[in-house]
Amino acid sequence: IGMPRVPEILAPRRRSRQINVGKVKVGGDAPVSVQSMTTTKTHDINGTLQQIAELTASGCEIVRVACPTDKDAEALKIIAMKSQIPVIADIHFQPKYVFEAIDAGCGAVRVNPGNIRKFDDKVGEIARAAKDAGVSLRIGVNAGSLDPRLLQKYGKATAEALVESAVWEASLFEEHDFHDFKISVKHNDPVVMVKAYRMLAERGEWPLHLGVTEAGPAFQGTIKSATAFGILLSEGIGDTIRVSLSAPPAEEVKVGHQILQSLNLRERTLEIVSCPSCGRAQVDVYTLAEDVTAGLEGMTVPLRVAVMGCVVNGPGEARDADLGVASGNGKGQIFVKGEVIKTVPEDEIVATLIAEANRLADEMGPD
Ligand code: SF4
């Protein structure tokens, strides 16, 4: 992962301790990583590995798998061994699975101490086992499963309650001189979530995993996550992100990358600049933009392609991009690196843009 220059509009990255999640570093000066979670039954080893392979191909850097039963815990060994990216076992309720996950070679284990009864007794053992194995943890506080004591104290899962829970749980591990963990304080309301992370960021140097929990279907969840992550990341807060969507997990990864690219925290890959269309449009901009996007799917070079509906802003944007079209009068002026290279009939615009994009990509060499 390249570490692009952080533009000045973003606050400097918050100081955080660096931990290892398998081979991926989280926190410190490590690039903000993108993670997701499988939707398969973890004990369906082949299905889970297949989904992990798809997630890896879509740019997922860390993957989490649920571990609710003995069968799931048993499957972790093979999954952790065969996955190309670090696997985090997600454990609620059962401390014994934490030890199994550590033994299985998982990169990290997510625990939600608020959900583990008699957890306090187990902290020392978990800390020792994790330290011996070089495995990190995530303390995953979640509005939906907040410690009942705090729920009672605050009446509901407020930002203050989430932070109090997280800081207390962190202290349990710190008392055992264990520091290799990151923290999340997720809430389904981006406003509460942002407040919680801001408060938490002030309280210690823990690396932070950002997430809006139960964010909803793709459209709503994308916007909630982009809004919340955008605020926090622009303040330098956040070391790894998970976009939660009620949609296939590869979509979460795509959205995560897009958020980081939009903030220049990740080198931009293909970027389609297309106009929203208006009464001046002389072509069907939506179809044109969709066809060009589909035709260039999978392209990973940092190419900016402008698809513009008329000659008002078209030539300006097209000239500014690596490649572009300004449409008008049944024709499209094709721009490459600021110069008009040809004018083609409307029905050849898509094919011409795709051919030129591929030519430019070849010139730019392998990414
Ligand atoms: Fe309208 Fe032309 Fe601007 Fe597109 S480029 S939004 S068609 S003025």
Side-chain angles (χ1 to χ4, degrees), residues 4 7-10 190 216-231 233-234 243 245 247 251 254-364 367:
E8 279 162 20
I9 195 163
L10 303 186
F219 175 73
Q220 180 184 296
T222 298
I223 292 173
K224 277 188 173 185
S225 298
T227 306
F229 295 4
I231 293 171
L233 290 167
S234 73
V243 174
L245 300 178
E251 291 299 308
K254 267 206 251 174
V255 173
H257 276 276
Q258 195 63 51
I259 292 171
L260 295 181
Q261 286 183 27
S262 300
L263 290 165
N264 275 7
L265 288 171
R266 193 51 81 102
E267 193 176 327
R268 294 185 185 207
T269 51
L270 178 68
E271 187 183 1
I272 307 284
V273 181
S274 59
C275 81
S277 186
C278 75
R280 293 186 202 92
Q282 292 175 339
V283 290
D284 177 354
V285 180
Y286 299 168
T287 308
L288 201 57
E290 263 171 30
D291 290 351
V292 172
T293 305
L296 297 180
E297 174 142 21
M299 184 168 273
T300 53
V301 291
L303 206 59
R304 223 171 114 90
V305 183
V307 179
M308 306 294 290
C310 79
V311 291
V312 174
N313 295 321
E317 285 287 356
R319 199 170 281 128
D320 240 22
D322 296 301
L323 171 66
V325 61
S327 314
N329 286 334
K331 289 187 282 236
Q333 269 187 324
I334 307 291
F335 288 76
V336 174
K337 303 279 180 200
E339 304 291 335
V340 179
I341 56 150
K342 59 176 118 167
T343 300
V344 297
E346 192 177 320
D347 60 359
E348 289 176 24
I349 293 175
V350 173
T352 310
L353 285 176
I354 292 170
E356 289 299 324
N358 283 317
R359 194 177 58 74
L360 285 174
D362 284 348
E363 274 176 27
M364 291 161 98
D367 51 290

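No hydrogens, no waters, no symmetry mates; every other heavy atom, side chains included, goes into these values. Whatever order the structure lists ligands and atoms in, that order sets their numbers, starting from 1.
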Fill in: For atom 2 (Fe) of ligand 1, closest protein heavy-atom neighbour
Cys310 SG, 2.2 Å

Discussion item. Tell me the protein heavy atom at minimum distance from atom 1 (Fe) of ligand 1, and give that distance in Å.
Written reply: Cys278 SG, 2.3 Å

Worksheet item: Among side-chain atoms of Ser327 and Glu346, is any donor-acceptor pair under 3.5 angstrom?
Response: no

Item to complete: List every atom of ligand 1 that sits less than 4.0 Å from any heavy atom of Met308, numbering the atoms from 1 in the order shown and giving each element.
Response: 5 (S)

Fill in: Donor-acceptor contact present, side-chain Gln333 to main-chain Val340, <3.5 Å
no

Discussion item. So if I count the atoms of ligand 1 from 1 in the order they appear, which ones are less than 4.0 Å from some heavy atom of Ala281?
Written reply: 7 (S)

Item to complete: Verify side chain to side chain contact (heavy atoms under 4.5 Å, CB included) between His257 and Thr269, making sure each step is shown before the conclusion.
Response: CA-CA 10 Å; His257 276 276; Thr269 51; over 6 Å; no

Worksheet item: Does Glu271 reach the main-chain N or O of Arg304 with its side chain, forming a donor-acceptor pair under 3.5 Å?
Response: no

Fill in: Heteroatom N/O/S of Cys275 within less than 2.8 Å of atom 1 (Fe) of ligand 1
no

Worksheet item: To which protein heavy atom is atom 3 (Fe) of ligand 1 closest, and what is the distance rounded to 0.1 Å?
Response: Asn313 ND2, 3.5 Å

Discussion item. Quick check against the 3.5 Å criterion: does Ser234 have a side-chain atom that pairs as donor or acceptor with the backbone of Ile231?
Written reply: yes

Worksheet item: Can you list the ligand 1 atoms lying under 4.0 Å from a non-hydrogen atom of Arg280?
Response: 8 (S)

Worksheet item: Among Asp347, Leu353, Ile354, which residue meets the side chain to side chain contact (heavy atoms under 4.5 Å, CB included) test with Val350?
Response: Ile354

